[in-house]
Amino acid sequence: MTVRTRFAPSPTGYLHIGGVRTALFNWLFARQNHGQFILRIDDTDQQRNVDEALQPILDGLRWLGIDWDEGPKKGGPFAPYYQSKRLDRYQAAVERLLAGGHAYYDYATTAELQAERQAAEGEKRPFRYSRRYLAETPADRARFEAEGRQAVVRLKMPSEGTLVLDDLVRGRVEFDWAREQDHVVQRADGTCLYHLANVVDDYDFQISHVIRAEEHLSNTPRQVFILEALGYPRPVYAHLPFVAEPGSHTKLSKRKLQKYLKNRDFAAMVAHAQKIAEAIRHPTEADAFNPVIVDFYQTVGYLPEAIVNYLALLGWSLDDKTEHFSREELIEHFSLERVNKAPASFDPRKLMAFEDWHFQRLSRARKVELAAPFLQEAGLATSPISAETRRIMEKVVAAAGDRIKVAGDILSFADFFQPDDQLLYDEAAFDKHLRQGNGADLLCRFRDRLAALEPFDPPALEAAMQDFVAAEQIKLGQIIHAVRVAVTGKSIGLGLFDTLAILGRSRSLARIDRALGRR
RNA sequence: GGCCCCGUCGUCUAGAGGCCCAGGACACAGGCCUUUCACGCCUGCAACACGGGUUCAAAUCCCGUCGGGGUCACCA
């Protein structure tokens, strides 16, 4: 049997991190089994502009390297892959359901249904529609229609028996048919509902494994009923646990960002990203600037392979020790049997740990390549980037080591790329090291040594400073911080000798002179 | 509320009767290193939801309780 899996987002305008995890597991399973991964668009009830709302989803998947064999922009043997373009298929299915006696026309009004529901609730018995307005014959239909009623099509669910599901993740799950409702599959206006469309499409696309989030587990009986009534084979089901909120087992939701911000780690992640976003003038109040949405990570320069690695481990594990995986390794080792049943909560710190691990394994050239757009967006580099800027970038990236964890972190070292006469100062640090005490005097004298130093490289710089410290009979700390603030504007940064060497003599002196001059 | 699912350190997890007074990773705390910030190294903190069984032996099997979540639409 050919393995065919699918991810079926509805065009909402953004790609949810939990959705990505679902897509990823589908994709991994298909790739591992040399099958196909299909992207289908669930837009049965979409008023909005589908193209516009779909674009971020396609972009996000592509960015993460989750490619599809059939679907939007790609086509395929079972096209179209948009539910809104497959209405005739659903109509045909409804007719077959009706003809086979598995569904019926129902003329109840919403108010009547509501009344029945409430009555059942009042008597504390489970609600099940009485089928009072079920129309069996054309005569019935005519009678109800004469009363001005409109028909929907409902499923005629069995009143007894048990559905046994063998879920690849959950194991054996049972449902009583008698508890299932006569769900509507076609509205009065003739449009069909998701569950019907879903079953028809999965069959039409020959989906072999339905891998989806746990929220669909309770929906499975009615889908199985539809597919069996239609004579379709049952796919293999695998219901994945949720990606949950930090420290909770509730599904992660994009609308609860304010709540998540009370979580220290979440707040730290957002603050870090915000700094980068502001520097590149990316709107941080935008809907998509939200860690629940994939766009967020792309904006600040996370690595797709880190996100994929992290997400794969959210609910799945290979063993008790392996945690770093390349895409290929994931494809090789992934298995639905080793997917956990319990929801896994999203941990920003751990994501960053994976990001760090993957980023530090990149070549210097690659890091530079990834970081360059951030300098350009921030107005600190030209496009294309100049040879000089590139040269500095390479040195900064090398000296920064894992201080740069996401590509956007290059902006923590923006001072290297600012013109010497436009350097911004951390005033508190400036005060402490250049206005109070004798830091400025020392700096003034050290400046002259720098002016004459040859070569102007880290070992020589360090030796020069040691000489200076000995000659002045001071402690290293008394001069080093003054120099740092003078040349970078800040009290934190790279090793000072690296910093000076990267800047070079003339820029270092220019910055020291400017700092001394603004006291 | 009915039905369904789930329940090992703060978090992600390993664990399929003895290898577990529970292992790893991230986080956290303390220390070392140190020109700042990171890194690195060392040490530490920390969990089988609870109660009954079964068994020579249970985190692992059974039952119950409690807790959490999902779902009950003419949404997807």
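Just so it is clear, the values below take in all heavy atoms, side chains as well, and ignore hydrogens, waters and symmetry mates. Quick note on labels: first sequence line is chain A, next is B, and so on, each numbered from 1.
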At less than 4.0 Å, is any side-chain N or O atom of [X] found next to OP1 or OP2 of [N]? Yes or no.
X       : N      : result
S491(A) : U36(B) : no
R349(A) : C28(B) : yes
N219(A) : A76(B) : no
R187(A) : C75(B) : yes

Heavy-atom donor-acceptor pair, K490(A) side chain to S412(A) backbone, under 3.5 Å: yes
Within 45 degrees of the axis of the six-membered ring of Y129(A) and under 6.0 Å from its centre: does R154(A) put its NZ or CZ there? yes
For F175(A), is the NZ or CZ atom of R179(A) found under 6.0 angstrom from the centre of its six-membered ring and inside 45 degrees of the ring axis? no
RNA chain B: G247(A) or I492(A), which has the more 5' nearest nucleotide? G247(A)
Upstream residue (5' side of RNA chain B) when E180(A) and V184(A) are each assigned their closest nucleotide: E180(A)
Side chain of [X]: nearest nucleotide among [options]?
X       : options                : value
K350(A) : A76(B), A25(B), G69(B) : A25(B)
L193(A) : C72(B), C12(B), C75(B) : C75(B)
R484(A) : A14(B), C3(B), U36(B)  : U36(B)
L217(A) : U11(B), C5(B), C74(B)  : C5(B)

Does the side-chain ring of H216(A) lie flat on the base of A76(B), meaning centres under 5.5 Å and planes less than 30 degrees apart? yes
Between R131(A) and D182(A), is there a side-chain N and carboxylate O pair less than 4.0 Å apart? yes
Going by purine N1 to pyrimidine N3 plus the second Watson-Crick contact, or the G-U wobble pair, all under 3.5 Å, which nucleotide sits opposite G1(B)? C72(B)
Is there a donor on the side chain of R170(A) or the base of C5(B) sitting less than 3.5 Å from an acceptor on the other? no
Is atom CZ of R128(A) surrounded by more than 12 heavy atoms (other residues, nucleotides or ligands) closer than 6.0 Å? yes
For nucleotides 40-49 of chain B, list the nitrogen or oxygen atoms of the protein found under 3.5 Å from its nitrogen or oxygen atoms, one pair per line.
none

Near RNA chain B, which residues from residues 461-472 of chain A have a heavy atom under 4.0 Å away? none
Nucleotide G2(B), atom C1' - distance to CZ of R117(A) in whole Å: 13 Å
